[in-house]
Amino acid sequence: MATESIKYLAPDSENKAKTQVFPRPGQHTTGLVDWLTTIDHKKIGLMYGMTALFFLIVGGLEALLIRSQLWDHNMDVLTNRQYNQMFTMHGTTMVFLVIMPLSAAFFNFIMPLQIGARDVAFPRMNALSLWCFVGGGLILNLSWFFTGGSPAIGWFGYAPLTDTRFAEVIGDMGPDFWIFSLQILGVASLLASFNFITTIINMRAPGMTMMRLPVFTWMTLIVSFLIILAFPAITIALVELMFDRTYGTNFYDFLEGGKPHLWQHLFWIFGHPEVYILILPAMGIVSEVIPVFSRKPLFGYGLVIFSGAIIGFMGFAVWSHHMFTTGMGVVATSAFAMLTMLIAIPTGVKIFNWIGTMWGGRIRFDTPMLFALGFITMFMIGGFTGIMHSSVPIDAQHQDSYFVVAHFHYVLIGGALFGLFCGFYFWLPKMTGRMLNEKLGKFVFTLMFLGFNLTFFPMHYLGMIGQPRRTHTYNEGHGFETWNQIATIGAFILGVGIVIGIYQFVTAFFNKKLKPAGKNPWDARTLEWALSSPVKEYNFARTPIIKARDQAWENNYGPRENHAEKEPLDDHGVHMPDRSWWPLVTALGLFGLAMGMLFHRTIDPSGELVRDYTVPILAGSVAIIGMIMWALEGPGGYHLFPKENDE
Amino acid sequence: MSDASAHALEHHEPVTSTGIPNKKVLMWAFLGSDCMFFGTLISTHLIYRKISATVGGNFLDIRDVFDIELTSFSTFILLASSLFMALGVSAIHKGNLKSMRWMLFGTIIFGAIFLACQVYEFTHFIHAPGNELTLSTYRGEPHVFGSTFYVLTGTHGTHVAIGVFWLIGWLAYSFTGKMSVAHALDIEICGLYWHFVDIVWIIIFPVIYLMEYAL
Ligand code: HEM
Ligand SMILES: [Cu+2]
């Protein structure tokens, strides 16, 4: 590497060294310790991405089991309870362990590069978010091994399915695992969002005004705000549910005065913003990709951002469209129907902006662009069905039928997942320094596109002719078989496509035969493309001084005065914060706390309930000690000295 | 010299785009989020409070359980603690470590008194003779008021307790000899949190307690 480094020793470093239980890993750490203690946003982003891709396979296998069970009438691949567990785990996994962390992977890796920052604002907190995500994912999937197995309550966990008295298996722990896993994942998402908000507001390079921010960064900001405002609703709902199940409170217990209806409200107050949390990052990615492959600036930059913000804002005011059939009363129902129809407008605006961007452009059909086009078309179909069920009488027909399943898979796979795959094909060359194989990429796109439509298009029809969702089988004579079989075949094709895609992403890091990418293989527009590929550990050797939107493009094609400048080399060097063990320790403490709470109750021989808080207290202390040591060790750091012309 | 011992750098607060320190933006974002936490809890309570009979038919007049004099006193104490907190922040800004210590100490004590009142209140309510209000029952029969009330006020109490321990941490740190005006920001952020928790109580007290006497 063309850098040398000097270690600085502050006056109190002797003391610091003494207070350390684990020696702090130094600058040249490699291997496993490096990955466990890293606080570099790029490595954290990669770990988010790889873990999420792993969970994509897990969730995908669950989906294939569901599809196998529905192959024909009265199949016995899964029992009814196993079927319920499968769709619960599938939904929860895909939402919280796949789409959200894949988005977080790009937020982490790309956003700081797009705004010219050294790292996120709080690098160690960023590592804590990552480890909490991993811990939460683990807890959810550990549920398979304990009493009752995995939760069988749906990803929405409707009361009173979660009531202990109605459990199919005595002492069923599934819902408890679900609750604690979502709480830990909530911590991960909240911390990450505080971090991203601070980073985008505060760590922009000089000249990078808000209205010069790349659209993807804007969407990161909006999604982060959605997360910090929407997650509290489900966190509290889960706390209340935890109290109901653990300490016998009556929040959702209709036999003792509670109202299950309240759960639905709290869940969807979170749940609807959540669907925008899932889709806006993908919209951000597509808004970066389409201009690049059309060789035109984004049409209506301001409008795209503004409609993103409006979508986010209105997303808080439409939750009850998931509850049209619960009998909320005419006024509430009509108001929510109207707002739901309105929210489709800013969504449509974005679609027109993407089309406007392509209009008259010189379009190249590389893999990222194919996925972006797939995104637009598939997302539109999902949007149309969404507008259809914003109409109350129509929704009364759709509710709980396969039509709704078709709707949300068009927005979640055709939308979010295609958008995220688009992001991989677009940015992996920046991450690995090598181009992906275009032919293989196009093959993956073809498989996914065909498989996806084959699976989910028939579901519109199945829903219309009455196949209910969340039901483990159907009887003969309804005419459901053929379309279900087509859907199942499609699902396997989609699965193969996804697996090849994942294989391609993972091998991109090792396959030395791939062509080197160079700085800017796509002739792309935003700041990260002005850096070398792969990006150096310090990101920017010299802080860029931003002169225009689409800075990388302006550097190459813009007028002289729009070329970015760079701040002079600082003889202090680039300050790199030190690695740390404490985020991992703190996350382990939280993980132990959750596991301890899950198992703190036992029944003694006389049948009495015994509560033993030893493990939760010990694990909680580990978390607290982790945080105290974290505070005491400080950011630390070392300096790197890139040369004048390093990027 | 080992790699591990060679780290601590002279660390300046980095220049930020807005001029507001990162930690402060973080705290504001957290407080925004925390509003939604309490908003959800308070809504839950308000939705349920009109359900005033147990499943068995015992009518709950919460005034038979509440001890409004005690709660008014502890409310006053918590409000007063905010004054100490503000004075503490101002002291460290002026570099007056000694005064800051006293003010933090006052905040901690008042916070602790508030918590003690809450513990007393909870035990008192649970054992109120003839009117026992527990997490799940009223007079031994299922009722929701206890659930929403204890979880809401308990969450607030947890916030106060976290604040107290946080301040104790800084008070202890101030005796290590490493504390200076450079830490004013950290104390200020503690202060933001403390005042916020206080403001939440200013909402809880009228909405959860006083309203029961008015409506
Ligand atoms: C044009 C914008 C949209 C409208 C008007 C809309 C409307 C609706 C409505 C009314 C329902 C309730 C259907 C029912 O249960 O009867 C629904 C369900 C759903 N929507 Fe959308 N939607 C839109 C976009 C999206 C997006 C972008 C996503 C996610 C990325 C999404 C994800 C979902 C999910 C997951 C469900 C099912 C939830 C469940 O019951 O488990 N929707 N949508
Ligand atoms: Cu919705």
Side-chain angles (χ1 to χ4, degrees), chain A residues 7-10 12-14 16-17 20 23-29 121-122 190 193-195 197-199 201-204 206 208 224 228-233 235-237 239-240 243-244 247-251 253 255-259 262 266 269 575 578 628 631 634-639, chain B residues 1-12 14-30 32-41 43-44 47-48 51 53-55 134-138 141-148 150-152 155 165 169 173 176 178 186:
Chain A
K7 285 168 190 147
Y8 277 70
L9 204 54
D12 63 345
S13 64
E14 298 284 295
K16 281 265 164 62
Q20 282 171 355
R24 199 166 183 175
Q27 180 189 350
H28 301 293
T29 313
F122 303 97
L190 285 169
S193 303
F194 296 142
N195 215 340
I197 289 174
T198 313
T199 309
I201 291 184
N202 250 359
M203 312 257 299
R204 285 166 285 130
M208 180 61 89
S224 301
I228 69 168
L229 297 176
F231 264 70
T235 305
I236 294 301
V239 166
E240 293 174 350
F243 267 90
D244 271 9
Y247 300 105
T249 52
N250 306 325
F251 288 103
D253 186 339
L255 291 175
E256 315 217 316
K259 291 182 186 301
L262 177 66
L266 295 185
I269 286 174
H575 179 193
D578 264 323
I628 293 175
Y638 53 88
H639 285 162
Chain B
M1 182 181 59
S2 80
D3 225 19
S5 64
H7 312 275
L9 296 192
E10 198 47 288
H11 200 71
H12 319 276
V15 192
T16 64
S17 314
T18 55
I20 306 167
N22 283 344
K23 284 184 193 168
K24 218 183 227 175
V25 176
L26 176 79
M27 186 40 91
W28 279 113
F30 168 73
S33 186
D34 218 15
C35 284
M36 300 301 283
F37 280 98
F38 280 108
T40 311
L41 281 165
S43 318
T44 308
I47 286 165
Y48 279 139
I51 301 175
T54 65
V55 175
T134 72
L135 258 181
S136 51
T137 60
Y138 174 61
E141 284 178 12
H143 198 280
V144 199
F145 195 94
S147 306
T148 61
Y150 288 119
V151 173
L152 165 58
T155 306
F165 283 111
Y173 191 75
T176 58
K178 291 183 208 153
D186 297 292

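If you're wondering where the values come from, they're calculated on a predicted model, not measured in any experiment. Every chain is numbered from 1, with letters handed out A, B, ... down the list of sequences.
- Counting only heavy atoms from C-beta outward, the side chains of B/K23 and A/F122 approach each other to under 4.5 Å.
- Between the side chain of B/S17 and the backbone N or O of A/R204, at least one donor-acceptor pair lies under 3.5 Å.
- No donor-acceptor pair closer than 3.5 Å links the side chain of A/Y247 to the backbone N or O of B/S136.
- Per-residue heavy-atom pair counts under 4.5 Å with chain A were compared for B/E141, B/M27, B/M36, and the maximum is reached by B/M36.
- Heavy-atom pairs under 4.5 Å with chain B peak, among A/P206, A/G257, A/A230, at A/G257.
- Among the candidates B/F30, B/F145, B/Y173, the residue making the largest number of heavy-atom pairs closer than 4.5 Å to chain A is B/F30.
- Each of B/I20, B/V25, B/T137 has some count of heavy-atom pairs under 4.5 Å with chain A, and the biggest count is that of B/V25.
- Nearest approach of A/T198 to B/N22, heavy atoms of both residues: CG2-O, 3.4 Å.
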>> Between B/Y48 and A/L262, does the side chain to side chain contact (heavy atoms under 4.5 Å, CB included) criterion hold? Intermediate values first, please.
In response: CA-CA 10 Å; B/Y48 279 139; A/L262 177 66; 3.7 Å; yes

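- Checked by atom type and distance alone, the side chain of B/S147 never pairs as donor or acceptor with a backbone atom of A/F251 at under 3.5 Å.
- The CZ atom of B/F37 sits 10.0 Å away from atom CZ of A/F231, with the distance rounded to the nearest 0.5 Å.
- In this structure the side chain of B/L41 reaches within 4.5 angstrom of the side chain of A/E240, judged on heavy atoms.
- Considering only heavy-atom pairs separated by less than 4.5 Å from chain B, the leading option among A/T199, A/N250, A/N202 is A/N202.
- A donor-acceptor contact shorter than 3.5 Å links the side chain of B/S33 to the backbone of A/I228.
- Among all heavy-atom pairs drawn from B/I51 and A/K259, the shortest one is CD1-CE, 4.0 Å.
- Contact of A/L229 with chain B is made through backbone and side chain together, with heavy-atom distances under 4.5 Å.
- Your options are B/G32, B/G39, B/P142, B/G169, and the one with the most heavy-atom pairs under 4.5 Å with chain A is B/P142.
- At a 4.5 Å heavy-atom cutoff, the contact between B/L26 and chain A is made by backbone and side-chain atoms alike.
- Tested against B/T40 for a side chain to side chain contact (heavy atoms under 4.5 Å, CB included), the candidates A/I236, A/I269, A/T235, A/V239 yield a single pass: A/I236.
- By number of non-hydrogen pairs under 4.5 angstrom with chain B, the leading residue of A/L190, A/I201, A/I628, A/D244 is A/I201.
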